[in-house]
Amino acid sequence: MAYEPSYAERLKYQRLQDAAYQAGLDAVTNLEAALALAGMILPSLANDGPLGSRGFVRLGGCSVAVANQLAEVIAAGAHALQEQRA
């Protein structure tokens, strides 16, 4: 016999799914804003919905130029953080 979750269990799971979906939307918004500060766009960036009970963001593809620019921005930010901690 297959296990049937109770109403309370289904409700709890749905709330986790909703929270994970919202977390994905928030992460996409935050990343889009950060990329905009660097003058960059990832055209395939999207909320991919919850995966299990966690948000999942699809970064998608981009050109080699955008990938290299993104690497430069990340490296510069990482160096700035290291200098702040020192």
Side-chain angles (χ1 to χ4, degrees):
M1 181 195 291
Y3 173 75
E4 278 293 320
S6 69
Y7 175 76
E9 289 171 323
R10 289 192 310 270
L11 189 60
K12 181 180 177 182
Y13 181 76
Q14 184 60 50
R15 287 182 180 151
L16 288 172
Q17 293 290 293
D18 291 346
Y21 185 81
Q22 186 61 50
L25 286 176
D26 293 344
V28 167
T29 300
N30 292 337
L31 187 51
E32 284 175 333
L35 289 167
L37 287 173
M40 299 176 62
I41 296 173
L42 288 178
S44 300
L45 179 64
N47 182 12
D48 209 16
L51 181 63
S53 60
R54 295 185 179 180
F56 191 77
V57 175
R58 181 178 304 266
L59 298 176
C62 64
S63 69
V64 170
V66 170
N68 286 327
Q69 185 181 9
L70 184 57
E72 288 176 26
V73 169
I74 291 170
H79 290 304
L81 285 174
Q82 288 173 349
E83 289 175 8
Q84 283 180 348
R85 293 178 185 153

Least distance between heavy atoms, [X] atom then [Y] atom:
X	Y	result
A38	V73	CB-CG2, 3.9 Å
F56	L51	CD1-CD2, 3.9 Å
S44	G60	CB-CA, 3.4 Å

What residues form a salt bridge (Lys or Arg N to Asp or Glu O under 4.0 Å) with D48, not counting sequence neighbours?
-> R58
Same cluster (ILVMFWY, side-chain, under 4.5 Å), I74 and V66 | yes
Joint hydrophobic cluster, V57 plus M40, side-chain heavy atoms closer than 4.5 Å = yes
Here the gap from Q82 atom CD to Q84 atom CD, rounded to the nearest 0.5 Å, amounts to 11.0 Å
If you measure from CD on E4 to CD on E9, what distance do you get to the nearest 0.5 Å?
-> 10.5 Å
Knowing that exactly one of L59, L42, L45 qualifies, which makes a side-chain contact (heavy atoms from CB on, under 4.5 Å) with V28?
-> L45
Verify side-chain contact (heavy atoms from CB on, under 4.5 Å) between L35 and L70, making sure each step is shown before the conclusion.
-> CA-CA 8 Å; L35 289 167; L70 184 57; 3.7 Å; yes
Without hydrogens or angle criteria, can the side chains of D18 and Q22 be said to hold a donor-acceptor pair below 3.5 Å?
-> no
Please identify each residue that fulfils side-chain hydrogen bond (donor to acceptor under 3.5 Å, both in side chains) with Y21, with sequence neighbours left out.
-> none
Any pair with a residue in residues 62-79 that passes side-chain hydrogen bond (donor to acceptor under 3.5 Å, both in side chains), sequence neighbours left out, goes on the list, sorted by first then second residue, please.
-> none
Heavy atoms from other residues, nucleotides or ligands near CG of L31 exceed 12 (cutoff 6.0 Å) = yes
